[in-house]
Protein chains: 2
Amino acid sequence: MGTRRVTMRDVAEASGVSPATVSFVLNDVTEQHILPATQERVRAAARELGYVPHAIAKALREGSSRIVLLALPQGIRGPGLDAYTRGLDDELARHGHVLLVRHGSPLHGGLESVVASVAPRAVIDLSGLYQDEAAVAADGPVTTNDGGWVDGLAAHTLVQLRHLVDAGHTSVAVALPEDPGWARLAAVRLGFARQAAVRLGLAEPVVLTVPRDRAAAIQAVRDLRRDHPGVTAVASFDDAVAMQLLAALHGLGVTVPDELAVIGFDAVEYGSFATPALTSVHIDAGAYGQRAARTVLGLEPPADPPAGATVVVRESV
Amino acid sequence: MGTRRVTMRDVAEASGVSPATVSFVLNDVTEQHILPATQERVRAAARELGYVPHAIAKALREGSSRIVLLALPQGIRGPGLDAYTRGLDDELARHGHVLLVRHGSPLHGGLESVVASVAPRAVIDLSGLYQDEAAVAADGPVTTNDGGWVDGLAAHTLVQLRHLVDAGHTSVAVALPEDPGWARLAAVRLGFARQAAVRLGLAEPVVLTVPRDRAAAIQAVRDLRRDHPGVTAVASFDDAVAMQLLAALHGLGVTVPDELAVIGFDAVEYGSFATPALTSVHIDAGAYGQRAARTVLGLEPPADPPAGATVVVRESV
DNA sequence: AGTTCTCGCCCGTCCATGATG
DNA sequence: ACATCATGGACGGGCGAGAAC
């Protein structure tokens with residue numbers, strides 16, 4: 001119980017040297033020449049005593065902890081983001097850092113106070129991607145040190161639309177969620193979709209906002225089909241929107257994919273349980289996470305751009 | 001750029017007192033009487049200089065940071081857990097603490113190294129709930145300082161089964177995921193379901209393990225119906241399993257809920273997009289999170305037990 | 001020159017000790 | 001002698017430039 005923690009001074013005493021020497025040995029400071037014999041004694045003592053460096057003391061000295069903070073909004077999820085997080089974590093671990101996630105309620109004074117009380121080595125703030133409409137107006141760069149995650153979304157959106165083109169579609173709609181919490185990201189993604197349409201020689205995509213309410217969603221789809229009868233496929237913001245769409249189309253008696261094709265984004269597993277099973281875009285974001293890690297740590301990011309996205313072909317396109 | 005951070009000594013100098021006095025004032029130490037006029041001067045100086053206490057130094061002194069760490073396994077999600085996290089976060093914020101989440105890969109040496117480098121005030125480790133089968137064997141108490149979250153699951157499982165009983169079912173099955181990552185929690189939940197069955201006067205529930213693979217899932221359901229024709233309802237481990245089940249039943253041409261009713265757990269939004277829309281159990285875990293926060297902070301947890309779960313009635317039961 | 005040590009620093013906390021009226 | 005108000009400085013644990021052997 002009351003056993004005080006083992007400090008460097010304990011190790012120093014046990015091995016008959018000064019704390020400074022212990023520090024040099026345990027940190028492999030090459031500028032400082034320590035007799036191999038001494039090194040051995042120090043290491044042995046450290047091992048025997050079970051010395052563990054005190055992270056807080058180290059952080060005080062170094063000015064920041066070895067934590068990297070990933071700020072995410074509440075309730076934002078998805079396979080792609082999971083992969084991103086994993087890639088980030090792995091690469092950080094490789095360099096002795098730890099990834100901690102802050103699922104930020106915008107309450108609580110926001111990030112600053114958290115950053116102040118954690119003193120992380122770096123912060124990757126993705127919460128700007130998911131702001132309410134008020135914040136959407138001021139659209140500067142969404143985020144910077146994300147390792148290209150947001151830029152990657154552009155490429156992935158291209159993959160999504162290209163699949164529709166490859167399936168023979170020439171006039172498509174883009175389905176966006178109604179939720180204001182997604183407004184910022186929805187706007188970003190819509191921009192990417194427009195760019196992709198241009199590159200693919202498609203007509204300007206029709207925008208379909210899908211309401212939460214089931215009846216309203218059905219109405220929205222009905223309107224789309226009436227106003228834009230030429231549209232034969234819908235590229236969805238994500239799989240949740242796609243599945244809402246599928247449900248609405250089922251309600252309307254529209255067959256998928258024959259009368260209207262639907263493709264999701266960021267393939268979730270449960271998409272395969274829909275009827276028809278949802279075709280979607282699988283995003284392997286691990287490489288982006290790794291890039292982000294190297295960026296925030298000030299290391300050279302890998303030259304080769306990350307691998308992109310692939311289409312998970314099921315039944316809805 | 002090179003502006004050194006503002007320290008307590010700067011504030012002391014600016015207000016003509018010693019650092020000690022600044023500390024007493026800013027921390028509202030009542031044992032130490034400081035002239036109100038002096039207090040005002042100190043506070044004014046702190047405000048003007050934009051003094052922010054250095055969290056790491058404080059942590060070094062206090063022995064631990066004001067971080068509470070929530071350890072979760074990779075990829076574990078759900079509305080209930082979200083609510084739990086939010087309740088936890090809110091209550092911690094109310095007491096000047098910060099919740100940080102560690103989405104732990106069991107690699108990276110696990111929690112210990114993270115704890116060592118973060119020195120959190122407390123750790124709530126829910127990762128034990130989601131271990132592989134090897135770890136399942138040694139089933140001690142799953143977790144302790146979770147504010148009753150796990151115990152709550154027992155109550156919620158009772159709500160789930162009770163809904164089936166209220167709908168007139170007398171012989172039910174429990175659907176569990178095949179994924180070994182869920183084995184531990186599945187075992188726990190199955191235990192709760194058995195207890196609930198006893199309390200409700202139901203027969204011992206039949207266990208249905210639902211394979212990932214679609215064809216295999218269909219086969220499993222077919223077997224269930226052949227071997228246990230008396231079973232008229234299935235209580236699912238979670239909504240994902242329930243939706244798999246729905247898909248399999250659709251494939252078999254079994255009508256839901258007439259021939260077989262299905263109820264999910266931890267109502268996800270996309271359950272409403274299934275056909276038929278999935279009836280599920282909504283878990284309001286905020287109060288559990290709050291309890292957990294108070295527990296780990298050493299405060300008195302609220303006497304009244306948290307509100308339970310409610311059934312989201314849609315179409316599948 | 002080759003090794004090792006002394007000592008101040010990082011910054012906030014709080015006990016023991018003053019200073020003042 | 002006695003509150004009341006304020007301060008010096010050790011401490012937590014690791015680091016590393018410069019001094020010392």
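The outermost nucleotides of DNA chain D lying under 4.0 Å from heavy atoms of chain B, listed 5' to 3', are D/dC5 to D/dG12.
Shown here are the salt bridge (charged side-chain N to carboxylate O under 4.0 Å, His left out) partners of B/E62, two or more places apart in sequence or in another chain: B/R121. For the salt bridge (charged side-chain N to carboxylate O under 4.0 Å, His left out) test, residues two or more places apart in sequence or in another chain that qualify with A/E40 are A/R47. Looking at residues two or more places apart in sequence or on another chain, you find a ring-ring contact (aromatic ring centres under 6.0 Å, His included) between A/Y84 and A/W149.
Among the protein residues, A/V22 comes within range of no part of the nucleic acid, since none of its heavy atoms lies under 4.0 Å from any strand.
No close placement of the B/H282 and B/H156 rings is indicated, their centers lying 6.0 Å or farther apart.
For the ring-ring contact (aromatic ring centres under 6.0 Å, His included) condition, no pair includes a residue of residues 22-76 of chain A, sequence neighbours left out.
A/H33 has its NE2 atom 16 Å from the P atom of C/dC5, to the nearest Å. Straight-line distance from the CD1 atom of A/I34 to the C1' atom of C/dA1: 15 Å, rounded to whole Å.
Under a 4.0 Å N-O distance rule, the pair B/R102/A/D89 qualifies as a salt bridge.
Taken to the nearest 0.5 Å, the CG atom of A/L299 stands 7.5 Å off from the CD atom of A/E91.
A side-chain donor from one of B/Q39 and B/R43 sits under 3.5 Å from a side-chain acceptor of the other.
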Each nucleotide of nucleotides 8-17 of chain C classed B (base within 4.0 Å of a protein heavy atom), S (only sugar-phosphate) or -, in 5' to 3' order, makes -BBBBBBB--
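Using a 4.0 Å cut-off, no side-chain N or O of A/T38 falls inside it from OP1 or OP2 of C/dT3.
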